[in-house]
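Keep in mind that what you see is a predicted model, and the values were worked out from it rather than measured. Reminder, nothing fancy here: chain letters follow the sequence lines and each chain counts from 1.
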Number of protein chains: 2
Amino acid sequence: MSVHQCPHAGKTSCMRPTSLQVESLINQAEQLCEQRQQRFTALRRRVLTLICQAESPMGAYQLLEFLQGDGRSAAPPTIYRALDFLMAQGLIHRLASNNTYLACAHPQQDHEAVFLVCQHCGQTQEIHTDGITHSVQEKASRYKFKVLHTSVEVAGLCAKCSPGFNPPSAGGLA
Amino acid sequence: MSVHQCPHAGKTSCMRPTSLQVESLINQAEQLCEQRQQRFTALRRRVLTLICQAESPMGAYQLLEFLQGDGRSAAPPTIYRALDFLMAQGLIHRLASNNTYLACAHPQQDHEAVFLVCQHCGQTQEIHTDGITHSVQEKASRYKFKVLHTSVEVAGLCAKCSPGFNPPSAGGLA
DNA sequence: AATGTTATGTTATAATATAACATAATATGA
DNA sequence: TCATATTATGTTATATTATAACATAACATT
Ligand SMILES: [Zn+2]
Ligand SMILES: [Zn+2]
Ligand SMILES: [Zn+2]
Ligand SMILES: [Zn+2]
């Protein structure tokens with residue numbers, strides 16, 4: 001049994017996964033859909049691939065342009081239906097703060113996630129943290145509020161885009 | 001010196017403030033704007049009043065309808081400019097998860113907030129919790145991510161809309 | 001093949017938000 | 001007060017994001 005090595009795990013900032021890593025994510029999605037008796041169609045595969053290959057989260061109409069570039073006939077419902085499916089399967093997430101979609105870093109398990117969204121370069125890191133989830137739960141319970149879904153989106157600057165960052169390979173001085 | 005009693009403070013669920021409480025919020029807004037040498041115009045006052053009076057967060061076009069009902073000439077930019085101003089002054093918040101706007105419960109101080117959004121009735125409670133803010137900060141710093149703004153929106157069911165709720169005045173049995 | 005189901009194509013439109021430029025109201029200084 | 005600058009609002013058009021409704025195609029099951 002080959003365990004999938006998540007391209008996001010253990011990295012300081014999210015890099016575009018290699019084509020091998022994308023392939024691995026797609027294979028994983030295919031397996032999940034098969035287990036759930038859901039159809040992982042060519043269109044859905046294509047959309048997930050585009051999202052996985054992207055440097056940062058993509059908008060629906062951006063993705064739509066790629067589909068149209070394929071020669072395929074594609075209108076807004078085409079992309080939104082694919083996105084809805086992928087979200088329902090937990091393969092992608094939607095960022096409400098900027099209306100974009102990104103691949104889930106850990107589609108295996110159901111989870112709440114926190115997103116660190118760089119305002120400069122757009123790169124977005126999905127992190128999982130029980131601490132935040134528990135804080136929310138605890139606070140909500142004091143208000144007798146039943147939590148169904150928590151959205152945490154953190155806007156800021158990633159390591160690369162923070163002032164004072166020097167790329168390691170540049171030597172750091174001049 | 002009369003201290004403003006926030007209509008949200010200490011409540012289990014957010015109720016529409018009384019007209020006296022709305023008035024108090026508006027007066028407070030007026031003072032804040034005066035301190036900052038910002039113009040609290042009739043339009044801005046009207047929009048803030050509408051938002052304060054609302055039972056739950058309101059959409060921009062909903063608010064726009066009210067302005068038009070006033071007999072006033074109003075187009076989308078009218079409402080969006082007012083909303084932008086009120087947000088810049090920290091008098092209202094925008095919920096990204098459902099594109100709505102609500103009055104800030106504590107416009108005095110700059111703060112990060114958590115919103116408990118009831119999916120059934122729409123009522124939304126703003127709460128302030130250092131615990132969540134600190135968890136986010138701590139997690140982000142591990143990724144060398146500089147936090148600028150944190151959005152936490154919790155979807156679920158408020159006390160009233162949770163299954164099994166009986167209004168206190170009904171006696172609780174039959 | 002006949003049938004039911006799911007997915008996709010297609011057209012139109014809804015909902016949310018902004019650009020660009022004109023006019024009006026307000027503030028500031030002579 | 002008047003001229004001037006600044007800020008706010010009016011107005012028209014358009015951009016962006018998303019869904020409704022119905023037709024056709026692909027797939028599954030018998
Ligand atoms: Zn995820
Ligand atoms: Zn960045
Ligand atoms: Zn607030
Ligand atoms: Zn409720």
Side-chain angles (χ1 to χ4, degrees), chain A residues 29-30 33-34 36-48 50-51 54 56-89 91-102 117 122 151 153, chain B residues 29-30 33-48 50-51 54 56-89 91-102 122 151 153:
Chain A
E30 189 166 31
C33 289
E34 194 170 339
R36 298 168 186 167
Q37 313 213 56
Q38 299 291 322
R39 296 192 207 159
F40 193 58
T41 63
L43 174 64
R44 292 164 177 176
R45 174 192 302 266
R46 174 67 174 137
V47 172
L48 183 56
L50 286 169
I51 293 174
S56 45
M58 304 195 64
Y61 281 75
Q62 255 184 300
L63 291 163
L64 184 55
E65 280 180 31
F66 277 94
L67 293 185
Q68 288 164 344
D70 290 348
R72 163 195 296 281
S73 159
T78 310
I79 185 64
Y80 281 104
R81 286 193 285 227
L83 292 171
D84 286 346
F85 173 85
L86 296 171
M87 280 194 287
Q89 299 305 316
L91 297 168
I92 64 173
H93 295 288
R94 177 178 187 273
L95 297 181
S97 58
N98 60 6
N99 305 318
T100 59
Y101 302 83
L102 76 166
V117 183
S151 154
E153 299 180 22
Chain B
E30 190 167 31
C33 289
E34 194 171 339
Q35 284 167 25
R36 298 169 186 165
Q37 313 213 55
Q38 299 291 322
R39 297 191 207 160
F40 193 57
T41 64
L43 174 64
R44 291 163 177 176
R45 173 192 301 267
R46 173 68 173 137
V47 172
L48 182 57
L50 286 169
I51 293 174
S56 45
M58 302 194 65
Y61 281 76
Q62 255 185 300
L63 291 163
L64 184 55
E65 281 181 30
F66 277 95
L67 293 185
Q68 289 165 342
D70 289 349
R72 162 195 295 284
S73 159
T78 310
I79 185 63
Y80 281 105
R81 288 193 284 227
L83 292 171
D84 285 348
F85 173 85
L86 296 171
M87 280 194 288
Q89 298 306 316
L91 297 169
I92 64 173
H93 295 289
R94 177 177 188 273
L95 297 182
S97 58
N98 61 6
N99 306 319
T100 59
Y101 303 82
L102 77 167
S151 154
E153 299 181 21

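In terms of the side-chain contact (heavy atoms from CB on, under 4.5 Å) criterion, B:A88 has no residue partners (sequence neighbours excluded). For B:Q38, the side-chain contact (heavy atoms from CB on, under 4.5 Å) partners two or more places apart in sequence, or in a different chain, are B:C33, B:R36, B:F85, B:Q89. Shown here are the side-chain contact (heavy atoms from CB on, under 4.5 Å) partners of B:R94, two or more places apart in sequence or in another chain: B:M87, B:A96, B:N99, B:Y101. Scored by the side-chain contact (heavy atoms from CB on, under 4.5 Å) test, B:T41 finds B:R39, B:L43, B:R44 as partners (sequence neighbours excluded).
Taking for each of B:S73 and B:R44 the nucleotide of DNA chain D with the nearest heavy atom, the 5'-most of the two is the partner of B:R44.
Rounded to an integer number of Å, the gap from B:L95 CG to C:dA17 C1' is 17 Å. In this structure, CZ of B:R36 is placed 17 Å from P of D:dT7, rounded to the nearest angstrom. The nearest whole Å value for the distance from the CZ atom in A:F85 to the C1' atom in C:dA7 is 11 Å. Taking atom CG of residue A:L67 and atom C1' of nucleotide C:dT10, one finds them 15 Å apart after rounding to whole Å. Atom CE of B:M87 and atom C1' of C:dA17 are 11 Å apart (whole Å). Between B:R45 atom CZ and D:dA8 atom C1' the separation is 16 Å, expressed in whole Å. Atom CD of A:Q37 is separated from atom C1' of C:dT5 by 14 Å (rounded to the nearest Å). Rounded to an integer number of Å, the gap from CG of B:L83 to P of C:dA17 is 9 Å.
Remark: A:T78 is not in phosphate contact with C:dT10, judged by side-chain N or O atoms under 4.0 Å from OP1 or OP2. Phosphate proximity of D:dT9 to B:T41: present, with a side-chain N or O under 4.0 Å from OP1 or OP2.
Here the side chain of B:E153 pairs no donor or acceptor atom with the backbone of A:S151 at under 3.5 angstrom.
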Step by step, would you call B:L91 with B:I51 a side-chain contact (heavy atoms from CB on, under 4.5 Å)? CA-CA 10 Å; B:L91 297 169; B:I51 293 174; over 6 Å; no
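Sorted by first and then second residue, the pairs that involve residues 58-77 of chain B and meet salt bridge (charged side-chain N to carboxylate O under 4.0 Å, His left out), not counting sequence neighbours, are B:R46-B:D70.
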Footprint string (nucleotides 16-30 of chain D, 5' to 3'): B base within contact, S backbone only, - free, heavy atoms under 4.0 Å: -BBBBB-----S---
